[in-house]
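The structure under discussion appears below in the form of structure tokens.
The model shown is predicted, which means the values in this text are computed figures rather than measured ones.
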Amino acid sequence: MKKARAANRVAFQVTASPKSTVSLAGTFNQWDVKRHPMKDISGTGTYTITLMLPKGEHEYKFVINGNWVVDPECRNWVRNTCGTLNSVLKVE
């Protein structure tokens, strides 16, 4: 039997124009842009989502109005197969 890996609560945040369409895609959701939509609860353009992620490294990007962007607050990146960068988060 395979042991389940412990998960940790991880908060993601990005700034975009109010009323934008923003989502989070990454290795943790098979890069599915529809699976984790982000919300701007305050209406000020600060989009957030909190996920439970297993320990390990996770590559991700924000998708803002159809444009894939790295996390401007994350300084860890890796080049992807498209020749652009993905943000990398290490969950301990």
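Atom CG in L24 sits 10.5 Å away from atom OG1 in T50 (nearest 0.5 Å). Residue L53 holds its CG atom at 7.0 Å from CG of L89, rounded to the nearest 0.5 Å. Taking CD1 from I49 and CZ from R35, the interatomic distance works out to 10.5 Å, rounded to the nearest 0.5 Å. The distance from atom CD of E73 to atom CD of Q13, rounded to the nearest 0.5 Å, is 8.0 Å. N67 CG to T21 OG1: the interatomic distance, rounded to the nearest 0.5 Å, is 11.0 Å.
Residues satisfying the ring pair (Phe, Tyr, Trp, His ring centres under 6.0 Å) test with F12, not counting sequence neighbours, are Y60. Not a single side chain to side chain contact (heavy atoms under 4.5 Å, CB included) links T81 to another residue, sequence neighbours left out. Partners of V69 by side chain to side chain contact (heavy atoms under 4.5 Å, CB included), not counting sequence neighbours, listed by chain and number: F62, I64. Judged as a side chain to side chain contact (heavy atoms under 4.5 Å, CB included), and not counting sequence neighbours, the contacts of S17 are S20.
For the residue pair C74 and S87, the shortest heavy atom distance occurs at SG-CB, 4.1 Å. The two atoms that bring E57 and V88 nearest to each other are OE1-CG1, 4.0 Å, heavy atoms only.
The hydrophobic cluster containing W77, built from Ile/Leu/Val/Met/Phe/Trp/Tyr side-chain heavy atoms closer than 4.5 Å, also comprises V70, L85. Hydrophobic cluster membership of V33, counting Ile, Leu, Val, Met, Phe, Trp and Tyr whose side-chain heavy atoms lie under 4.5 Å apart directly or via other members: W31, V63, W68.
No side-chain heavy atom of D40 sits under 4.5 Å from any side-chain heavy atom of V22. The shortest side-chain heavy-atom distance between E59 and V78 falls under the 4.5 Å cut-off. Looking only at side-chain heavy atoms (C-beta outward), K61 and N80 come within less than 4.5 Å of each other.
No side-chain donor-acceptor contact under 3.5 Å links D32 to the backbone of N29. Of the possible donor and acceptor atoms, one in the side chain of N8 sits under 3.5 Å from a partner among the backbone N and O of E92. A donor-acceptor pair under 3.5 Å is absent between the side-chain atoms of T46 and the main chain of T15, judged by distance alone. Between the side chain of H58 and the backbone N or O of P54 there is at least one donor-acceptor pair closer than 3.5 Å.
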